[in-house]
Visitor: 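Pasting a structure below so you can have a look.
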There are 2 protein chains.
Amino acid sequence: MVKQHELSQHMISEQAASDTSCGCPHGGLKGLLDKSLARIGLSKSEQKKVDREEELVDLAVSILNEEGFAGLSLEKLTAQSRYSKGTIYNHFSSKEDCLSALCIRAVSSILTLFKRALQFEGSSREKAVAVHYSYQLYARLQPTLFMAVLSSKAPGVREKTSTERTQLMDALELEINTFSDQMFRDAIDDGSLVLSEHLSIETLSFSNWAMSFGTNALATSATEAKAVNRLDPNTLLLQNISILMDGMNWQPLSKDWDYRKTWQRVEKEIFADDIQLIE
Amino acid sequence: MVKQHELSQHMISEQAASDTSCGCPHGGLKGLLDKSLARIGLSKSEQKKVDREEELVDLAVSILNEEGFAGLSLEKLTAQSRYSKGTIYNHFSSKEDCLSALCIRAVSSILTLFKRALQFEGSSREKAVAVHYSYQLYARLQPTLFMAVLSSKAPGVREKTSTERTQLMDALELEINTFSDQMFRDAIDDGSLVLSEHLSIETLSFSNWAMSFGTNALATSATEAKAVNRLDPNTLLLQNISILMDGMNWQPLSKDWDYRKTWQRVEKEIFADDIQLIE
DNA sequence: GCTCATTATGACGATTCGTCAAAAATGACG
DNA sequence: CGTCATTTTTGACGAATCGTCATAATGAGC
């Protein structure tokens, strides 16, 4: 009668709760969100709600991974959770709102990966290469979530997303932008990059992002007939950003430095654990 | 009783039939598809079916433009057409199949624009700039369709698409790839581009595509917080591909040639009619 | 134990999906 | 023109999902 008392439901939800394939490496996102909310000061019931939302997003991610984008429905989320429809709709005002929640998790995870990549020891251009590596890593580990971030930008989705979540999403995007801009500022500061007349930091930062996103998006959605399949997926992104950074005249140029070694070093020194998940 | 005899239905469908905002410039697609099928030899009834499919895709595009991606349903398509559900499902085996049909139209239109762009008088790099211009033009004229092409690559969509349509889609993509590759071959032939050791034509062709796609996709789905809004949308793509082509060492380099003038010339000499539709 | 505000529940109507048996249209032949 | 076989069209149907809302359960404070 009461759903929480059904044994089978409990088993399902516990299985889901222990499923850690949430695209959230090293629990970084959970810590991030918990902290940011904890600072404000949470009552017991509020904390309970935060925990449950965490649990529901976990579950939604697992549905997304198994059933794909179109297969995600709040109906299924309800059925697989230990809660009822009304409770689900207390958390997500609509299917689109739920999708936005998934994107917030995705972008948070990506940001965490970016910061880890930045710890790579090397020149500013090598660090940028490391960041691109981490972006590609996420696109491969979580292809559906990676693409979901884009679809959540569609007007129809954004309209149906709660204002708080929209603001959180915008804040995260701003943080990513700031992060990207800072990479270029560092490069200018250490002298390896010089701004030419018509190119601002914002322009370089955006072109850098556009190339990485475009490459990963096309590689993720590759089909039989696509040009991607003619090329080596492992160094696809590296080659593309190498051409771009050479175009920026970012020192050392690719003719003077073997960035394939950098690429491999990043893989071994920073993301050795994560790369095993692909095999 | 019989739907074809309802006056109101007739009026709706006739309005739709006269709606030419189909993203198909100069009727190029219709000609293309008609021809390819006509060669095989069409009976009267087969021709009728082709015409009706044309009509239905027109209608689907208008629904997509008005209601957005999520608002497109075969239910609505049925209601707004003069046919019934069974007939609709004779044309499109599923909603996803219909989406793929829209993508085929989109890619056909883009290919038509590419070929027009190639008529621009100038160096091989200038011609490539013209092609990018036409790509951006389509992304702006048909943002939803532009993004739809990507989502039609999702596994869930592809599975539910009829095999014939999948093959047609793959053939079109191959044609686009071939077109892109040819641009680079021409550049090599006229001496303005030299292949370095590690970079193949395929690599250059793909990086060129990835940059253009990434830029247009991010610009199309731009939100308030995005980095895109800090920049001039009219020259965003030009700047990005200029950096990239400089990185390829494609002559003349942007420091030796004012491609903003090329950009403006393309706008005036090739796409003057189309650009007015944006305003 | 009682009261009342908050939260959870699941039944409900609406919409969409895709199917299929029956009806209608087509056209070949006498 | 009439007959009949084949093809096409129709819309009713069951299943799935959406989002709402009246009712039931919960729990905090007295």
Side-chain angles (χ1 to χ4, degrees), chain A residues 1-6 8-10 13 42-53 55-56 59-60 63-64 66-101 156-157 159-162 165, chain B residues 1-6 8-10 13 42-53 55-56 59-60 63-64 67-101 156-157 159-162:
Chain A
M1 200 170 298
V2 175
K3 206 170 178 186
Q4 294 185 359
H5 297 161
E6 290 180 17
S8 64
Q9 292 291 347
H10 262 295
S13 65
L42 283 180
S43 74
K44 211 171 187 178
S45 68
E46 282 166 331
Q47 182 58 48
K48 202 174 163 187
K49 191 165 184 179
V50 169
D51 289 344
R52 188 168 51 195
E53 184 136 332
E55 175 190 340
L56 288 176
L59 188 53
I63 293 175
L64 197 71
E66 284 171 25
E67 313 237 16
F69 184 74
L72 177 66
S73 72
L74 292 194
E75 208 79 27
K76 268 181 204 156
L77 187 61
T78 298
Q80 295 192 24
S81 79
R82 48 179 170 167
Y83 310 104
S84 69
K85 188 170 262 185
T87 303
I88 301 294
Y89 273 87
N90 272 348
H91 284 276
F92 310 117
S93 64
S94 66
K95 182 185 175 178
E96 287 77 13
D97 193 39
C98 179
L99 180 65
S100 293
V157 177
E159 287 165 7
K160 292 183 181 175
T161 298
S162 66
R165 235 184 278 278
Chain B
M1 200 167 298
V2 175
K3 206 170 179 186
Q4 294 185 358
H5 296 160
E6 290 179 17
S8 63
Q9 293 291 346
H10 261 295
S13 65
L42 283 181
S43 73
K44 212 172 189 177
S45 68
E46 281 166 331
Q47 182 58 49
K48 201 175 164 187
K49 191 166 185 178
V50 169
D51 289 344
R52 188 169 49 194
E53 184 136 331
E55 175 189 340
L56 288 176
L59 188 52
I63 293 175
L64 198 71
E67 312 237 17
F69 184 74
L72 178 65
S73 72
L74 293 192
E75 208 79 26
K76 268 181 203 155
L77 187 63
T78 298
Q80 294 193 24
S81 78
R82 46 179 170 169
Y83 310 104
S84 69
K85 188 169 262 185
T87 302
I88 301 294
Y89 274 86
N90 272 348
H91 284 275
F92 309 116
S93 64
S94 66
K95 182 186 175 179
E96 287 77 14
D97 193 40
C98 178
L99 180 64
S100 294
V157 176
E159 287 164 6
K160 293 184 180 173
T161 299
S162 67

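No hydrogens, no waters, no symmetry mates; every other heavy atom, side chains included, goes into these values. Lettering follows sequence order; numbering is per chain, from 1.
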Visitor: Nearest whole angstrom, please: distance from the C1' of C:dA8 to the CZ of A:R82.
Guide: 14 Å
Visitor: A:L77 has an atom CG; how far is it from atom C1' of C:dA8, in whole Å?
Guide: 15 Å
Visitor: Starting at atom CG of A:D97, determine the distance to atom P of D:dT20, rounded to an integer number of angstrom.
Guide: 12 Å
Visitor: Please check: side-chain N/O of A:S100 versus main-chain N/O of A:T161, any donor-acceptor pairing under 3.5 Å?
Guide: no
Visitor: Please confirm whether the shortest side-chain N or O distance from A:R52 to OP1 or OP2 of C:dA8 is below 4.0 Å.
Guide: yes
Visitor: Nearest whole angstrom, please: distance from the P of C:dA25 to the NZ of B:K48.
Guide: 11 Å
Visitor: I'd like to know whether B:V157 forms a side-chain contact (heavy atoms from CB on, under 4.5 Å) with A:F69, so could you lay out the CA-CA distance, the side-chain angles of the two residues, the decisive distance to 0.1 Å, and finally the verdict.
Guide: CA-CA 9 Å; B:V157 176; A:F69 184 74; over 6 Å; no
Visitor: Can you measure A:L56 atom CG to C:dA8 atom P for me and round it to whole angstrom units?
Guide: 11 Å
Visitor: Looking only at side-chain N and O atoms, does B:S84 come under 4.0 Å of OP1 or OP2 in D:dT9?
Guide: no
Visitor: Can you tell me if B:K76 uses its side chain to pair, donor with acceptor, with the backbone of B:G71 under 3.5 Å?
Guide: yes
Visitor: Could you give the CG-to-C1' distance, from A:N90 to D:dC21, as a whole number of Å?
Guide: 12 Å
Visitor: How long is the line joining CD1 of A:I88 and P of C:dT9, in whole Å?
Guide: 9 Å
Visitor: Please determine which of A:K49, A:R52, A:E55 meets the side-chain hydrogen bond (donor to acceptor under 3.5 Å, both in side chains) test together with A:H91.
Guide: A:R52
Visitor: How far apart are the C-alpha atoms of A:Y83 and A:N90, what are their side-chain angles, what is the distance that settles it, and do they pass the side-chain contact (heavy atoms from CB on, under 4.5 Å) test?
Guide: CA-CA 11 Å; A:Y83 310 104; A:N90 272 348; over 6 Å; no
Visitor: Which nucleotides of nucleotides 12-18 of chain D have their base under 4.0 Å from a protein heavy atom (B), which only their sugar-phosphate (S), and which neither (-), written as one string 5' to 3'?
Guide: B----BB
Visitor: Please report the interatomic distance CG(B:L56) to CD1(B:I88), rounded to the nearest 0.5 Å.
Guide: 4.5 Å
